[in-house]
Amino acid sequence: MMLCRACARVIEGARCVCGGDLPVEHAELNQLSIAHLDCDAFYASIEKRDDPSLEAHPVIVGGGKRGVVSTCCYVARAYGVRSAMPMFKALKLCPQAKVVHGEMRKYVEEGRIIRRMMEDLTPQVQPLSIDEAFMDLSGTEALHGGSPAQSLIKLQNRIWEERRLTVSIGLSFNKFLAKTASDLDKPRGFSVIGRGEALAFLESRAVSTLPGVGPAGATALERNGLKKIGDIRLVGPQRMRALYGDWGAHLFALSMADDPRVVDPHGERKSISSETTFFEDISAIEALEDILWPLCEKVAARCRASETAGRTLTLKLKDARFKIITRRRQLPEPTLLAHRIFETARELLAGDADGRTKYRLIGVGLSDFSDAAAADKGDMLDTETPKRAAAEAAIAKARSKFGKDAVQTGRALKADWDDE
């Protein structure tokens with residue numbers, strides 16, 4: 001089956017009647033309904049859309065020379081710039097890049113608009129972040145007068161026409177392969193992986209393609225000669241379980257293109273976090289605290305934007321030898337207050353910041369989420385928390401109306417750091 005990417009019609013001959021010349025063709029196109037939508041270089045694309053003078057230039061969204069890259073456009077990526085890269089390194093690779101600090105509030109609102117467009121097609125939308133989500137379009141053919149593939153092509157075109165932003169879509173029969181497909185042809189890609197070719201497609205791909213396999217996991221697999229997904233398949237399920245336990249059994253299932261996870265609209269985000277890499281290593285606890293505060297403010301702002309509150313706080317440190325340290329603490333109640341996040345993180349920091357050990361990264365995050373309405377209630381003896389909540393809500397409102405620099409705290413003014 002062949003569909004026109006311009007109008008979503010079925011193409012009968014060599015070319016669509018609308019004149020579109022970018023078709024998508026696949027034998028199973030009419031049988032697949034699990035999709036992954038990923039906005040292309042989302043933050044940078046928004047900045048280029050809103051400021052046409054940036055269009056021809058490589059654009060990096062992130063902090064100053066001591067910060068890190070949040071994201072960058074595809075032009076900058078051609079020079080080797082990547083997300084989470086220290087800004088000074090990115091600018092060495094691409095000195096002509098235009099650096100934009102970015103505005104999370106704007107990105108969150110744009111993400112909400114695109115999500116509402118997805119929900120116009122199906123209620124089965126599972127967000128992964130503000131710029132990507134899974135969709136299950138099973139049973140929507142009668143409602144939309146076409147196959148899921150046709151509906152997705154129309155959605156892709158609608159996002160461009162109404163928001164002037166491009167998205168890439170992967171279509172398959174499970175979440176793992178849909179997400180894999182969405183990365184195959186960026187930007188503005190539309191890629192399909194069907195049942196017929198799934199095993200052959202996975203055979204020669206690196207084990208790092210599998211979800212949950214990061215650099216450390218890939219190294220652990222390679223120690224046993226498992227470099228390609230096909231190697232995992234050859235080892236078999238019993239050996240994989242013997243070597244790696246439940247994780248090994250899970251990886252074998254994925255190697256067989258088996259992913260039973262359903263698209264869950266109520267699936268919660270695992271964490272909201274913010275971190276920064278230093279231009280020079282730091283050991284002084286006071287300096288680390290000054291950097292920690294704006295990160296806590298950003299986590300609080302993101303919680304407020306997503307109307308969630310977290311009960312488990314995580315502090316992350318990376319020392320000069322690149323050793324990562326994480327400390328966690330469960331809070332008495334869910335919070336989205338920067339002050340409470342900071343006070344708890346500062347207590348955890350005190351256990352590792354001895355004034356001698358040098359650190360090159362610090363981060364803070366919240367997880368174990370609940371609705372924001374249940375957060376920061378305090379108790380009969382705690383009259384300060386409600387006051388603090390009211391004050392931070394007022395600050396957030398002022399920043400939303402007049403910009404993020406409309407209200408600054410003394411501690412925030414001392415630091416000049418940006419997160420990834």
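Keep in mind the model is a prediction, meaning the values are calculated, not measured.
- Nearest heavy-atom pair, Ser168 versus Arg188, reported as atom, atom and distance to 0.1 Å: OG-N, 3.2 Å.
- Between the side chains of His57 and Gln96, no donor-acceptor pair of N or O atoms lies under 3.5 Å.
- Thr122 places a side-chain N or O within donor-acceptor distance of the main-chain N or O of Asp136, the cut-off being under 3.5 Å.
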Would you check, one step at a time, whether the test side chain to side chain donor-acceptor pair (under 3.5 Å) holds for Tyr359 with Asp352? CA-CA 10 Å; Tyr359 294 101; Asp352 291 287; 4.7 Å; no
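- Atom NZ of Lys358 is surrounded by 12 or fewer heavy atoms from other residues, nucleotides or ligands within 6.0 Å.
- Between the side chain of Asp246 and the backbone N or O of Ala249, no donor-acceptor pair lies under 3.5 Å.
- For the residue pair His26 / Glu197, a side-chain donor-acceptor distance below 3.5 Å is found, with atom types taken as modelled.
- For Gln31 and Arg195, the side-chain atoms include no donor-acceptor pair closer than 3.5 Å.
- A donor-acceptor pair under 3.5 Å is formed between the side chain of Gln126 and the backbone N or O of Asp264.
- Remark: the Thr166 side chain and the Asp40 side chain contain an N/O donor-acceptor pair separated by less than 3.5 Å.
- In the displayed structure, Lys318 atom NZ is contacted under 6.0 Å by more than 12 heavy atoms of other residues, nucleotides or ligands.
- Taking every heavy atom of both residues into account, Leu331 and Thr344 meet most closely at CD2-OG1, 3.5 Å.
- Counting heavy atoms of neighbouring residues, nucleotides and ligands inside a 6.0 Å radius, atom CZ of Arg328 does not exceed 12 of them.
- Both tests pass for Arg164 against the ring of Trp160: distance under 6.0 Å to the centre and angle within 45° of the axis.
- Using a 3.5 Å distance cut-off with no hydrogens or angles, the side chains of Glu110 and Tyr43 do not pair a donor with an acceptor.
- The two atoms that bring Cys303 and Leu336 nearest to each other are CB-CB, 3.8 Å, heavy atoms only.
- Across all non-hydrogen atoms, the minimal contact from Gly196 to Glu28 is N-OE2, 2.8 Å.
- Minimum heavy-atom separation, Gly102 to Glu47: CA-OE2, 3.9 Å.
- No side-chain N or O of Ser271 forms a donor-acceptor pair with one of Ser367 less than 3.5 Å apart.
- Put simply, the side chain of Arg77 never gets that close to the backbone of Arg82: no donor and acceptor are under 3.5 Å apart.
- Going from atom CZ of Arg360 over to atom CZ of Arg321 covers 13.5 Å, rounded to the nearest 0.5 Å.
- Without hydrogens or angle criteria, Lys175 side chain to Val262 main chain gives a donor-acceptor distance under 3.5 Å.
- Under a 3.5 Å cut-off, the side chain of Gln150 and the backbone N or O of Ala8 do form a donor-acceptor pair.
- Between the side chain of Asp259 and the backbone N or O of Phe176 there is at least one donor-acceptor pair closer than 3.5 Å.
- Heavy atoms of other residues, nucleotides or ligands lying less than 6.0 angstrom from CZ of Arg261 number more than 12.
- Rounding to the nearest 0.5 angstrom, the gap separating the CG atom in Asp131 from the CD1 atom in Ile46 is 8.5 Å.
- No donor-acceptor pair closer than 3.5 Å links the side chain of Arg163 to the backbone N or O of Ile114.
- Asp231 places a side-chain N or O within donor-acceptor distance of the main-chain N or O of Lys227, the cut-off being under 3.5 Å.
- When all heavy atoms of Glu141 and Pro148 are compared, the closest pair comes out as OE2-CD, 3.5 Å.
- Judged by distance alone, with hydrogens and angles left aside, the side-chain atoms of Arg302 form a donor-acceptor pair with the main-chain N or O of Ser273 at under 3.5 Å.
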